[in-house]
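Notes follow the structure.
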Amino acid sequence: ILMVILIIIIYGSNYLVLGDGEHIISYIWTHLGFIPVDILVVAFLLDEIIERKEKEAMLEKLDMLMSTFFSEVGNELISQLSTVNKYKASTENLKSIKNWTENDFDNKLAELKDASIDFSADISKEDREEFLENLRTLLVDKREFIINLINNPNLLEKEEFTGLINAILHLDEELEHRSDLALVNDADFGHLNGDMQRVYNKLVHEWVYYLKYLYK
């Protein structure tokens with residue numbers, strides 16, 4: 001209302017002083033024609049640029065959060081699973097990752113997204129309990145940290161990382177459900193092996209993405 005009153009005062013005083021109503025109408029008409037242009041520039045172009053910049057800033061924070069994840073639990077988890085993997089040759093080419101270019105990272109990420117990594121825990125029955133106990137201890141110790149990650153609403157922007165967290169929580173639940181790991185038989189261990197494979201696949205993908213982030 002104040003703006004409308006101000007417009008009336010300004011244009012009214014202009015008409016009273018100059019007496020040129022035709023010029024005022026022409027001026028208003030010309031500026032009305034620029035309203036769609038203003039909407040086009042502001043609403044579609046500038047807003048798109050601002051939104052993209054905000055999303056880039058948010059993803060940057062999520063990448064930093066991923067750094068914390070690997071420092072807290074990811075590096076240890078990938079180490080434990082890699083040590084017992086029967087098919088170590090499936091990740092042999094990752095040993096040269098420190099010499100990769102950005103294009104190498106992109107190619108590997110595309111490959112990991114479309115294909116599964118061969119994984120099978122090659123552990124003797126005598127060592128099975130100790131391995132599962134160490135794995136459960138790691139996940140229990142880091143459970144609160146992992147749950148706090150999944151409660152971050154911005155994490156929904158990174159579907160692959162969210163899938164990894166869910167897979168880890170599921171493996172944690174499966175291990176917690178078995179109170180005496182010494183009683184895990186071959187069939188039960190095969191079920192746990194499938195859960196570990198799912199975690200390992202997603203973990204390696206996110207580890208490569210994380211190293212690409214560090215590289216950049």
Side-chain angles (χ1 to χ4, degrees), residues 58-59 61-91 94 108-109 111-214:
M58 182 189 65
L59 291 176
K61 291 179 181 178
L62 289 177
D63 287 336
M64 293 170 64
L65 191 65
M66 189 180 295
S67 297
T68 306
F69 164 78
F70 276 100
S71 297
E72 285 287 328
V73 62
N75 289 332
E76 178 62 26
L77 184 57
I78 202 171
S79 176
Q80 286 193 23
L81 295 177
S82 295
T83 301
V84 300
N85 187 13
K86 180 180 180 180
Y87 304 104
K88 290 183 173 63
S90 62
T91 54
L94 293 177
K108 190 61 179 179
L109 287 171
E111 177 189 328
L112 291 171
K113 194 170 185 179
D114 296 333
S116 297
I117 299 174
D118 292 328
F119 177 89
S120 180
D122 185 18
I123 312 171
S124 64
K125 289 185 178 181
E126 294 76 21
D127 298 329
R128 185 181 292 174
E129 180 186 0
E130 181 182 0
F131 168 75
L132 292 177
E133 189 62 51
N134 290 337
L135 186 59
R136 181 166 66 181
T137 299
L138 172 65
L139 297 181
V140 169
D141 289 345
K142 302 301 180 180
R143 184 180 296 161
E144 185 177 354
F145 170 77
I146 295 171
I147 291 175
N148 287 334
L149 284 180
I150 206 69
N151 286 331
N152 188 332
N154 292 329
L155 207 62
L156 296 175
E157 294 290 336
K158 295 182 74 67
E159 184 178 342
E160 291 85 0
F161 191 53
T162 303
L164 168 61
I165 299 300
N166 285 328
I168 292 174
L169 288 174
H170 178 73
L171 177 59
D172 178 30
E173 184 181 357
E174 290 288 336
L175 290 171
E176 189 70 13
H177 180 67
R178 293 158 175 80
S179 55
D180 190 352
L181 295 174
L183 300 178
V184 173
N185 56 34
D186 291 342
D188 204 13
F189 187 72
H191 177 81
L192 289 172
N193 195 81
D195 294 330
M196 288 186 284
Q197 181 184 20
R198 184 161 54 252
V199 169
Y200 190 69
N201 270 274
K202 296 179 182 297
L203 187 60
V204 171
H205 179 277
E206 292 308 294
W207 182 73
V208 173
Y209 179 88
Y210 164 60
L211 290 185
K212 177 189 174 185
Y213 164 72
L214 294 182

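Just so we're clear, the structure is a prediction, and the values are computed from it rather than from any experiment.
- In this structure, Leu203 CG and Leu164 CG are separated by 5.5 Å, a value rounded to the nearest 0.5 Å.
- Within 6.0 Å of CE in Met58 there are more than 12 heavy atoms belonging to other residues, nucleotides or ligands.
- Atom CD1 of residue Ile165 and atom CD of residue Glu160 lie 12.5 Å apart, to the nearest 0.5 angstrom.
- Partner of Asp172 under the side-chain contact (heavy atoms from CB on, under 4.5 Å) criterion, out of Leu139, Leu138, Ile146, Leu135: Leu139 alone.
- The shortest side-chain heavy-atom distance between Arg178 and Glu174 falls under the 4.5 Å cut-off.
- Defined by atom type and a distance below 3.5 Å, a donor-acceptor pair is present between the side-chain atoms of Asp127 and Ser124.
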Exercise. Please lay out, stage by stage, how Ile117 and Tyr87 fare under the test side chain to side chain contact (heavy atoms under 4.5 Å, CB included).
Key: CA-CA 9 Å; Ile117 299 174; Tyr87 304 104; over 6 Å; no
Quiz item: Under the side chain to side chain contact (heavy atoms under 4.5 Å, CB included) criterion, do Asp186 and Arg128 qualify, and how do the steps go?
Solution: CA-CA 10 Å; Asp186 291 342; Arg128 185 181 292 174; 3.1 Å; yes
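- Side-chain contact, Tyr209 with Lys108: no donor N or O sits under 3.5 Å from an acceptor N or O.
- Counting heavy atoms from C-beta on, the side chains of Ile168 and Leu171 never come closer than 4.5 Å.
- By the 4.0 Å N-to-carboxylate-O rule, Glu76 lies too far from Lys142 to be salt-bridged with it.
- Annotation: the span from Phe189 atom CZ to Lys125 atom NZ amounts to 11.0 Å, rounded to 0.5 Å.
- Between Asp195 and His170, some side-chain heavy-atom pair lies under the 4.5 Å cut-off.
- Electrostatic pairing of Asp141 and Arg136 does not count as a salt bridge here, judged by no charged N lying under 4.0 Å from a carboxylate O.
- The closest donor-acceptor contact from the side chain of Asn193 to the backbone of Ser120 lies at 3.5 Å or more, if one exists at all.
- Residue pairs satisfying the ring pair (Phe, Tyr, Trp, His ring centres under 6.0 Å) criterion with at least one member in residues 118-168, sequence neighbours excluded, are listed as follows: Phe69-Phe161, Phe119-Tyr200.
- Under 4.0 Å is where a charged nitrogen must lie from a carboxylate oxygen, and between Arg143 and Glu176 at least one such pair does.
- Proximity of a side-chain donor or acceptor of Ser79 to a complementary backbone N or O of Asn75 within less than 3.5 Å is not detected.
- Within the model, atoms CG of Asn85 and CE of Met196 stand 10.0 Å from one another, a figure rounded to the nearest 0.5 Å.
- Distance alone, capped at 3.5 Å, is enough to place a donor-acceptor pair between the Asn151 side chain and the Ile147 backbone.
- The line from OG of Ser67 to CG of Leu62 is 11.0 Å long, rounded to the nearest 0.5 Å.
- Asn201 places a side-chain N or O within 3.5 Å of a backbone atom of Gln197 that can act as its donor or acceptor partner.
- Using a cut-off of 4.0 Å between Lys/Arg side-chain N and Asp/Glu carboxylate O, Lys86 and Asp118 are scored as not salt-bridged.
- Within the model, atoms CG of Leu149 and CD of Glu144 stand 11.0 Å from one another, a figure rounded to the nearest 0.5 Å.
- Nearest heavy-atom pair across Lys88 and Ser82 is CE-O, 3.6 Å.
- Partners of Glu173 under the salt bridge (charged side-chain N to carboxylate O under 4.0 Å, His left out) rule, at least two apart in sequence or in another chain, do not exist in this structure.
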Quiz item: So Glu206 and Lys158, salt bridge (Lys or Arg N to Asp or Glu O under 4.0 Å) or not? Walk me through it.
Solution: CA-CA 10 Å; Glu206 292 308 294; Lys158 295 182 74 67; 5.3 Å; no
